[in-house]
Enquirer: 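This structure is in structure tokens; I'll ask about it shortly.
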Number of protein chains: 2
Amino acid sequence: MKERVTIVDVARRAGVSVSTVSNYLNGRMNLIKDKTRNRIKQAIEELNYRPNPVARQLKTGSAPFIGLVVPSVANPFYGTFAHHVEVEAAKRGFHVLLGNCCRDPEREREFAEELVAYGVRGIVFGSSLADISYLSDLAKEGLCLVTFDRSLTNSEHVQFDGVGVDNRQGVYIATRHLLGLGHRRIAFVSGSIRTVNRLDRLTGYEQALRDAGVEEDPSLIWQGETVEGFGDFNAIQLGKQAAYQLLTRSERPTGIVTVNDMFALGVYAGAKELGVSIPQDLSVVGFDDIELAEIVEPPLTTVRQPIPLLASKAVELLLNRLEGKEVREGQYYMFPPELIVRRSTAEPKY
Amino acid sequence: MKERVTIVDVARRAGVSVSTVSNYLNGRMNLIKDKTRNRIKQAIEELNYRPNPVARQLKTGSAPFIGLVVPSVANPFYGTFAHHVEVEAAKRGFHVLLGNCCRDPEREREFAEELVAYGVRGIVFGSSLADISYLSDLAKEGLCLVTFDRSLTNSEHVQFDGVGVDNRQGVYIATRHLLGLGHRRIAFVSGSIRTVNRLDRLTGYEQALRDAGVEEDPSLIWQGETVEGFGDFNAIQLGKQAAYQLLTRSERPTGIVTVNDMFALGVYAGAKELGVSIPQDLSVVGFDDIELAEIVEPPLTTVRQPIPLLASKAVELLLNRLEGKEVREGQYYMFPPELIVRRSTAEPKY
DNA sequence: ATGAAAGCGCTAACAT
DNA sequence: ATGTTAGCGCTTTCAT
């Protein structure tokens with residue numbers, strides 16, 4: 001375990017002062033003669049010196065890290081998103097601190113506070129709990145927040161930026177797609193609706209039915225029970241459960257709109273066990289367009305979210321603000337959702 | 001943006017010295033009178049003081065963080081693993097710094113070095129490149145490494161701990177399962193075999209064939225091209241490509257063993273497009289038993305890895321060592337793989 | 001049981 | 001163009 005090489009060692013070896021080395025390290029080359037610069041460069045190489053970022057941070061107060069809060073990377077949608085966020089952040093020299101917070105407000109707050117303590121000044125918030133007032137204090141202290149997949153209320157616009165697709169519109173066109181095929185008994189399947197994006201999606205479903213003059217049937221809105229701290233581990237199981245309950249009723253739905261693809265896959269599993277064929281006996285529409293949507297049988301009709309685009313915009317917004325390049329407040333980039341029609345939807349038989 | 005409250009403020013308010021507050025913060029209660037302790041406690045609450053972990057770290061040299069290197073959390077297997085690692089680490093007060101390093105040795109090394117610079121003293125290495133000698137230097141400087149899903153060579157045992165399933169054995173029983181059903185032309189499908197776990201799996205396949213007296217046919221070992229820096233994004237696509245190439249040959253295989261479930265799903269997709277039915281015309285076995293394996297059609301026969309167990313053991317080993325509770329060197333916890341027989345495998349038709 | 005003071009390694013005035 | 005020096009907020013001897 002070697003002793004750590006410090007800036008003092010470099011200075012000594014190069015025969016200059018520490019401040020000159022510091023200037024060198026921070027790219028203030030205009031202040032340094034060519035000859036000195038070379039000496040420093042050489043000293044650094046000879047000693048294999050690497051600046052201590054912790055000391056730097058103690059002095060400057062901030063670190064090249066951003067936080068990323070998601071429900072759980074066990075859901076491939078968030079896993080993919082997290083990967084893209086990491087890549088985009090890396091392009092600008094930032095690292096990502098990931099928190100799977102399972103939609104638990106307590107964990108989200110704790111995680112955010114811890115990040116702040118570590119000098120993190122920006123967080124991408126990929127969890128969209130309805131009430132994020134607990135973040136306001138942090139925002140007031142200068143923490144930058146970019147929400148992901150979460151439309152903002154007016155008061156929030158002041159504090160946060162955001163990116164996302166138009167969830168309401170996405171489910172609206174998904175539902176209209178089923179309506180257009182002739183479906184009338186259309187169910188909506190979701191986990192506990194405590195998040196803004198889910199609420200938006202439900203709204204889109206209701207709106208589409210209303211616009212089509214289809215009578216509302218609250219029993220067709222299936223909402224999984226809340227399981228605290230469980231992330232998205234159970235989405236598939238919940239979807240399966242939903243299928244069981246909805247497909248064993250007397251008047252069963254001919255179409256199901258799900259809140260995301262994982263639920264749709266769960267519905268697939270349930271329908272299969274019940275001997276209900278998709279799309280002959282039941283049409284299913286998902287949301288997200290995770291990679292698997294294309295390869296399940298039948299390929300899933302779903303609403304696509306442009307994950308790489310969303311990730312890069314989120315990181316861009318966040319880092320621009322951190323670096324002071326962005327001063328307008330409360331921007332929300334709403335991307336248009338796109339319905340990808342595959343073979344899980346068809347005309348209803350009856 | 002409020003001024004940060006420091007230990008000095010607390011000391012002043014409580015009417016004690018900073019060292020006493022420091023002792024309080026570090027739980028050295030035996031050194032503090034009850035009365036003083038209460039005064040400090042109160043001062044902390046009134047000021048809403050939170051110690052600055054960066055300053056502490058500069059002094060002590062280490063941080064309650066561990067690193068986690070994976071190919072990509074976009075693969076649900078690693079996403080799930082990452083989630084479990086995070087939960088286990090949190091139980092012991094550690095945070096996780098995640099790096100999707102896409103099996104790129106350069107990125108892995110850079111990431112590891114950066115972590116070390118930040119005071120991270122332990123990394124779970126969930127990527128299993130064949131050559132990890134580039135980590136030796138770091139290990140010599142005191143970095144603790146626990147490899148995941150990577151059997152260790154003798155020389156590595158000195159430096160690293162590890163957890164994983166017996167990959168060779170896993171694929172061995174998977175292959176024997178197909179052989180037992182009567183298959184003789186069995187293919188092995190994998191991405192570029194640059195990792196120890198993949199090599200082990202291939203070996204298990206070869207061994208099983210040999211033990212059964214089946215003639216080897218190198219053309220049945222399908223290996224996707226190396227795409228640098230691409231993580232597991234393309235596993236499904238590669239699997240599909242493999243299916244196309246293998247199933248359009250004259251003498252096509254009746255069974256396919258895949259290196260992991262994502263490849264198996266890719267094979268599913270390719271087979272479907274080609275009109276090859278699973279398991280009637282083709283049996284498929286996966287590896288990992290990701291959640292989706294159970295719900296695809298037909299449900300995938302696969303080799304299960306006990307992810308939560310692996311994650312908790314990995315974290316336990318790492319933190320025990322970090323905290324000096326573990327001194328034996330080079331432990332490798334090898335968990336037995338379990339074949340989960342579902343409906344993607346059957347007797348060959350011909 | 002408590003306090004004073006010396007750093008941890010770096011940055012950034014300020015001085016030269 | 002380069003050097004001197006005072007911190008950043010904390011921990012940790014060493015005194016008392």
Side-chain angles (χ1 to χ4, degrees), chain A residues 1-41 43-44 47-64 114 116-121 141-142, chain B residues 1-41 43-44 47-64 114 116-121 141-142:
Chain A
M1 194 134 174
K2 285 178 288 189
E3 276 311 303
R4 201 162 160 67
V5 179
T6 77
I7 196 172
V8 179
D9 302 318
V10 175
R12 191 157 31 209
R13 177 142 196 153
V16 297
S17 73
V18 289
S19 42
T20 304
V21 179
S22 176
N23 282 331
Y24 173 89
L25 292 174
N26 292 283
R28 286 184 270 276
M29 296 308 177
N30 55 325
L31 299 177
I32 307 178
K33 258 200 314 209
D34 270 20
K35 214 175 71 186
T36 336
R37 193 173 66 209
N38 289 331
R39 281 223 309 283
I40 295 174
K41 188 174 171 209
I44 287 177
L47 296 170
N48 188 29
Y49 167 71
R50 311 262 275 140
N52 178 339
V54 177
R56 173 177 287 167
Q57 187 187 340
L58 180 60
K59 187 71 194 166
T60 64
S62 76
E114 192 121 5
V116 170
Y118 273 97
V120 169
R121 287 178 38 236
E141 287 177 31
Chain B
M1 195 134 174
K2 285 178 290 187
E3 275 312 303
R4 204 166 158 64
V5 180
T6 78
I7 197 173
V8 178
D9 301 318
V10 175
R12 190 157 31 209
R13 176 141 195 154
V16 297
S17 75
V18 288
S19 34
T20 304
V21 178
S22 177
N23 282 331
Y24 173 91
L25 292 174
N26 291 284
R28 287 184 268 275
M29 294 310 174
N30 55 326
L31 299 177
I32 306 178
K33 257 199 316 210
D34 271 20
K35 216 175 71 185
T36 336
R37 194 174 66 208
N38 289 331
R39 282 222 308 284
I40 294 175
K41 190 175 170 209
I44 287 176
L47 295 170
N48 189 27
Y49 167 71
R50 312 262 273 139
N52 179 340
V54 177
R56 171 177 290 169
Q57 186 187 341
L58 180 59
K59 190 70 195 170
T60 64
S62 77
E114 190 120 6
V116 170
Y118 273 98
V120 170
R121 289 178 36 235
E141 287 177 31

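Protein chains get the first letters and strands the later ones, always in sequence-line order, with residue 1 at the start of each.
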Enquirer: Would you kindly compare B:A55 and B:R37 by the position of their nearest DNA chain C nucleotide and give the one closer to the 5′ end?
Expert: B:R37
Enquirer: For B:Y118 and B:A63, work out which heavy atoms get closest and say how close.
Expert: O-CB, 4.2 Å
Enquirer: Can you tell me whether the side chain of A:K59 and the base of D:dG7 have a donor-acceptor pair closer than 3.5 Å?
Expert: yes
Enquirer: How is A:N30 classified with respect to the nucleic acid when contacts are heavy atoms under 4.0 Å: base, sugar-phosphate, or nothing?
Expert: sugar-phosphate
Enquirer: Axis-to-axis angle across the helix from C:dA1-D:dT16 to C:dT16-D:dA1, five pairs an end, to 10 degrees?
Expert: 40°
Enquirer: Counting only heavy atoms and a strict 4.0 angstrom limit, can you tell me which residues of residues 9-21 of chain A come near DNA chain C?
Expert: A:S19
Enquirer: Measure the shortest side-chain to side-chain distance between B:V5 and B:N48 over non-hydrogen atoms and say whether it is less than 4.5 angstrom.
Expert: no
Enquirer: Across the strands shown, which category fits B:I32 at heavy-atom distances under 4.0 angstrom: base, sugar-phosphate, nothing?
Expert: sugar-phosphate
Enquirer: Quickly work out the A:R39 CZ to D:dG3 C1' distance and round it to whole Å.
Expert: 13 Å
Enquirer: Would you say that A:V16 contacts A:V21 through its side chain, given a criterion of any heavy-atom pair below 4.5 Å between the two side chains?
Expert: yes
Enquirer: Rounded to the Å, how far apart are A:D34 CG and D:dA1 C1'?
Expert: 12 Å
Enquirer: Would you mind reading off the distance between B:R56 atom CZ and C:dC8 atom C1', rounded to a whole angstrom?
Expert: 14 Å
Enquirer: Between B:S22 (side chain only) and B:V18 (backbone N and O only), is there a donor and an acceptor less than 3.5 Å apart?
Expert: no
Enquirer: Looking at every strand, decide which applies to A:P53 at a 4.0 Å heavy-atom threshold: base, sugar-phosphate, or nothing.
Expert: nothing
Enquirer: Base, sugar-phosphate alone, or nothing: which one does A:R28 contact when heavy atoms must sit under 4.0 Å apart?
Expert: sugar-phosphate
Enquirer: If only side-chain N and O atoms of A:Y49 are considered, is one of them under 4.0 Å from the OP1 or OP2 phosphate oxygen of C:dC10?
Expert: yes
Enquirer: Check B:R4 against B:D9 and note the closest heavy-atom contact, atom names and distance.
Expert: O-OD2, 4.0 Å
Enquirer: Between C:dG3 atom P and B:L31 atom CG, what is the distance in whole Å?
Expert: 12 Å
Enquirer: Of all residues at least two apart in sequence or in a different chain, which pass the side-chain contact (heavy atoms from CB on, under 4.5 Å) check with B:N38?
Expert: none
Enquirer: Verify the contact: side-chain N or O of A:T6 to OP1 or OP2 of C:dG9, cut-off strictly under 4.0 Å; return yes or no.
Expert: no
Enquirer: What is the distance, rounded to the nearest whole Å, between atom CD1 of B:I40 and atom C1' of C:dA1?
Expert: 11 Å
Enquirer: Output the rounded distance in Å from CG (A:N26) to C1' (C:dC10).
Expert: 9 Å
Enquirer: OG1 of B:T36 to CE of B:M29: how many Å apart, nearest 0.5 Å?
Expert: 11.0 Å
Enquirer: Assign A:L58 to base, sugar-phosphate, or nothing according to its heavy-atom contacts below 4.0 angstrom with the strands shown.
Expert: base
Enquirer: Which heavy atom in A:S17 sits nearest to a heavy atom in A:A11, and how many Å separate them?
Expert: C-CB, 3.8 Å
Enquirer: What is the distance, to the nearest angstrom, from the OH atom on A:Y24 to the P atom on C:dA12?
Expert: 18 Å
Enquirer: Rounded to whole angstrom units, what separation is found between the CZ atom of B:R50 and the P atom of D:dG9?
Expert: 16 Å
Enquirer: Which nucleotide wins on minimum distance to the side chain of B:K33, given the candidates C:dT11, C:dT2, D:dC10?
Expert: C:dT2
Enquirer: Heavy atoms, side chains only, cut-off 4.5 Å: are B:I44 and B:L25 in contact?
Expert: yes
Enquirer: Heavy-atom distance under 4.5 Å between the side chains of B:R56 and B:N26, does that happen here?
Expert: yes
Enquirer: Indicate whether OP1 or OP2 belonging to C:dT2 is found under 4.0 Å from a side-chain N or O atom of B:N23.
Expert: no
